[in-house]
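For the numbers below, each heavy atom of this structure counts, side chains included, while hydrogens, waters and symmetry mates do not.
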Amino acid sequence: MTVFNSDANNNSQAQSLRYPVICIDGPSGAGKGTVAWRLAQALNYQLLDSGALYRIVGLKAFEAGLISTDAEKSIDETALLALTQSLQIAFEPNNASGRVDIIVNGEAVGEQVRNEIVGGYASQVAVYPKVRQALLNLQQDMAKRSGLVADGRDMGTVVFPDADVKIFLTASAKARAERRMTQLLDAGETADFEAILTTIKARDKRDENRQTAPSKPAKDALVLDSSTLDVKTVYDRVKQYCQEQGIFFNR
Ligand code: DC
């Protein structure tokens, strides 16, 4: 698999220089995506949405018939690795959505990749060490091109252990389920709170308990609980912490 960002500030002369890396890890629904996007915009850094990589692998694995409806059933790791290695992924910042668009093998992947079902497939494929290994270099390579904000589960622990700033942004499962419920209702969809909560807890459990690169705060991460905080407050705290760690914002 290769990943490139067409918007990257690609300066080959500077390949050997070290650019700043800010890691934002934590469970889904804690607000990482929004904070990471805003930081990347304010700093003019690239944004690594590592969850999108696992989502693409999960979606393609499902389409290839590698994932069964029984989430506990194991997946053929050799086939999964071959599939992962066959993908070419590009991220394109999309100002309208406040997220990166994902281009796979030259074609834009629709919003489908962001739904909860695909999130579950992503969590299932993310358990496999060979998949994680196949995604490691390309994630690290993104930090060789410009400053980087990296959003994920293992950014601060495994992918960028020497990052300048590490933040673990979390929130209670209940608060995250309530946010998800509001999003779905706002979008005119139906939503069942208990079902959402159960799905969130199952995904957390798998991500936190897997053997390779489980979701957890790095030892040197600032842990921030956003359960009772609004987006602006979270962003302001994160920005202030980045400044304290030596990151310069000119806006
Ligand atoms: O952040 P997200 O919801 O898009 O992530 C989807 C899944 O991908 C998540 O449940 C676990 C996996 N993932 C991972 O294992 N490591 C990462 N760095 C990012 C995501």
> Do Lys174 and Phe193 have side-chain heavy atoms sitting under 4.5 Å apart?
Replying inline: yes
> Are Leu138 and Val113 connected in a single hydrophobic cluster, I mean Ile/Leu/Val/Met/Phe/Trp/Tyr linked by side-chain heavy atoms less than 4.5 Å apart?
Replying inline: yes
> Could you give the distance from CG (Leu87) to CD1 (Ile102), rounded to the nearest 0.5 Å?
Replying inline: 12.0 Å
>> Taking the side chain as everything from C-beta on, heavy atoms only, tell me whether Trp37 gets closer than 4.5 Å to Pro93.
In response: yes
> Is a side-chain N or O of Lys166 found less than 3.5 angstrom from the main chain of Pro161, in a donor-acceptor match?
Replying inline: yes
> Between Ile22 and Tyr45, is any pair of side-chain heavy atoms under 4.5 Å apart?
Replying inline: yes
>> In the structure I gave you, are the side-chain heavy atoms of Leu59 and Gln112 within less than 4.5 Å of one another anywhere?
In response: yes
> Considering residues, nucleotides and ligands other than Phe62, do more than 12 of their heavy atoms fall under 6.0 Å from its CZ?
Replying inline: no
> Distance-only, no hydrogens or angles: does the Thr182 side chain make a donor-acceptor pair with backbone N or O of Glu178 under 3.5 Å?
Replying inline: yes
> Any sub-3.5 Å donor-acceptor pair from Asp154's side-chain atoms to Thr157's backbone N or O?
Replying inline: no
>> Does Arg237 form a side chain to side chain donor-acceptor pair (under 3.5 Å) with Gln240? I'd like the steps, not just the answer.
In response: CA-CA 5 Å; Arg237 284 202 194 169; Gln240 189 190 348; over 6 Å; no
>> Rounded to the nearest 0.5 Å, what separates atom NZ in Lys201 from atom CD1 in Ile196?
In response: 13.0 Å
> CG/Leu148 to CE/Met155 distance, rounded to the nearest 0.5 angstrom?
Replying inline: 9.0 Å
> Would Tyr54 and Leu135 count as a side chain to side chain contact (heavy atoms under 4.5 Å, CB included) if you check the C-alpha gap in whole Å, the side-chain angles of each, and the deciding distance to 0.1 Å?
Replying inline: CA-CA 9 Å; Tyr54 290 94; Leu135 298 176; 3.4 Å; yes
>> Can you give me the closest heavy-atom contact between Asp225 and Ser172, atom names plus distance?
In response: OD1-N, 4.4 Å
> Minimum heavy-atom separation for Gly120 to Arg206, with atom names?
Replying inline: O-NH1, 3.8 Å
>> Before you tell me yes or no, could you show the steps for Gln140 and Asn137 under side chain to side chain contact (heavy atoms under 4.5 Å, CB included), namely the whole-Å CA-CA distance, both residues' side-chain angles and the distance that decides it to 0.1 Å?
In response: CA-CA 5 Å; Gln140 291 173 335; Asn137 287 349; 3.8 Å; yes
> Any chance CG of Leu136 has more than 12 other-residue heavy atoms, nucleotides or ligands included, within less than 6.0 Å?
Replying inline: yes
>> Apply side chain to side chain contact (heavy atoms under 4.5 Å, CB included) to residues Asn95 and Gln41 and explain how you reach the verdict.
In response: CA-CA 9 Å; Asn95 290 322; Gln41 292 286 303; 3.7 Å; yes
>> If hydrophobic clusters are built by linking Ile, Leu, Val, Met, Phe, Trp and Tyr wherever their side-chain heavy atoms come under 4.5 Å apart, do Tyr235 and Val165 end up in the same one?
In response: yes
> Step by step, would you call Asp141 with Lys144 a salt bridge (Lys or Arg N to Asp or Glu O under 4.0 Å)?
Replying inline: CA-CA 5 Å; Asp141 281 350; Lys144 294 179 185 158; 2.9 Å; yes
> Counting distance only, does the side-chain N/O of Asn105 pair as donor-acceptor with the main-chain N or O of Gln88 below 3.5 Å?
Replying inline: yes
> Within a radius of less than 6.0 Å around CZ of Arg179, do more than 12 heavy atoms belonging to other residues, nucleotides or ligands occur?
Replying inline: yes
> Do the non-hydrogen side-chain atoms of Phe91 and Leu47 ever get within less than 4.5 Å of each other?
Replying inline: no
> How many angstroms lie between atom CD of Gln124 and atom CG of Leu80, to the nearest 0.5 angstrom?
Replying inline: 10.5 Å
>> Looking at Gln139 and Leu48, would you say the former's side chain and the latter's main chain have a donor-acceptor pair under 3.5 Å?
In response: no
>> According to a hydrophobic-cluster definition based on side-chain heavy atoms being under 4.5 Å apart (Ile, Leu, Val, Met, Phe, Trp, Tyr only), do Val231 and Val149 belong together?
In response: no
>> Could you measure the distance from the CD1 atom of Ile24 to the OG1 atom of Thr34? Nearest 0.5 Å is fine.
In response: 11.0 Å
> In terms of side-chain geometry, is the basic nitrogen of Arg18 or Asp164 positioned less than 4.0 Å from the acidic oxygen of its partner?
Replying inline: yes
> Do Thr233 and Asp230 get their side chains close enough for a donor-acceptor pair, meaning under 3.5 Å?
Replying inline: yes
> How about Glu208: does its CD atom have over 12 heavy atoms from other parts shown lying under 6.0 Å from it?
Replying inline: yes
> Any donor-acceptor pair under 3.5 Å linking the side chain of Arg132 with the backbone of Ala126?
Replying inline: yes
> More than 12 foreign heavy atoms under 6.0 Å from NZ of Lys239: is that the case here?
Replying inline: yes
> Is there a salt bridge (Lys or Arg N to Asp or Glu O under 4.0 Å) between Arg99 and Asp151 once you walk through the steps?
Replying inline: CA-CA 12 Å; Arg99 286 208 272 225; Asp151 164 346; over 6 Å; no
> Any sub-3.5 Å donor-acceptor pair from Thr199's side-chain atoms to Ala195's backbone N or O?
Replying inline: yes
>> Using every non-hydrogen atom in the two residues, find where Tyr19 and Gly147 come nearest and quote the distance to one decimal.
In response: CB-N, 3.7 Å
> Does a salt bridge link Asp204 with Arg176, judged by any charged N lying under 4.0 Å from a carboxylate O?
Replying inline: yes
> Below 4.0 angstrom, N of the basic side chain to O of the carboxylate: do Asp25 and Arg153 qualify?
Replying inline: no
>> For the backbone of Ser68 and the side chain of Lys73, can you confirm whether one donor and one acceptor N or O come within less than 3.5 Å of each other?
In response: no
>> I need the minimum non-hydrogen distance between Cys242 and Phe249, along with the two atoms involved.
In response: CB-CE1, 3.8 Å
> Does the side chain of Glu92 reach to within under 4.5 Å of the side chain of Val100, using non-hydrogen atoms?
Replying inline: no
> Is it true that Val234 and Phe168 fall in one hydrophobic cluster, defined by side-chain heavy atoms closer than 4.5 Å?
Replying inline: no
> Out of curiosity, does Tyr121 fall in the hydrophobic cluster containing Ile200 (side-chain heavy atoms, cut-off under 4.5 Å, transitive links)?
Replying inline: no
> Looking only at heavy atoms, what is the nearest atom pair of Val57 and Leu83, with distance?
Replying inline: O-CD2, 4.0 Å
>> I'd like to check Ile167 versus Val223 (side-chain heavy atoms, cut-off strictly below 4.5 Å). Are they in contact?
In response: no
> Would you say the side-chain atoms of Arg210 pair up with the backbone N or O of Ala213, donor to acceptor, closer than 3.5 Å?
Replying inline: yes
>> Within a 6.0 Å radius of atom CD on Glu244, are there more than 12 heavy atoms belonging to other residues, nucleotides or ligands?
In response: yes
> Checking side chain to side chain contact (heavy atoms under 4.5 Å, CB included) for the pair Val127/Thr212: CA distance, chi angles, key distance, verdict?
Replying inline: CA-CA 7 Å; Val127 165; Thr212 310; over 6 Å; no
> If you round to the nearest 0.5 Å, how far is CG of Leu81 from OG of Ser86?
Replying inline: 10.0 Å
> At their closest point, which heavy atom of Ala218 faces which heavy atom of Gly156, and how far apart are they?
Replying inline: CB-O, 3.7 Å
> Donor-acceptor pair, Thr84 side chain versus Val131 backbone, under 3.5 Å?
Replying inline: no
> Does Arg114 come within less than 4.0 Å of Asp49, counting only side-chain N to carboxylate O?
Replying inline: yes
> So do Lys60 and Val104 actually touch side chain to side chain, heavy atoms under 4.5 Å?
Replying inline: yes
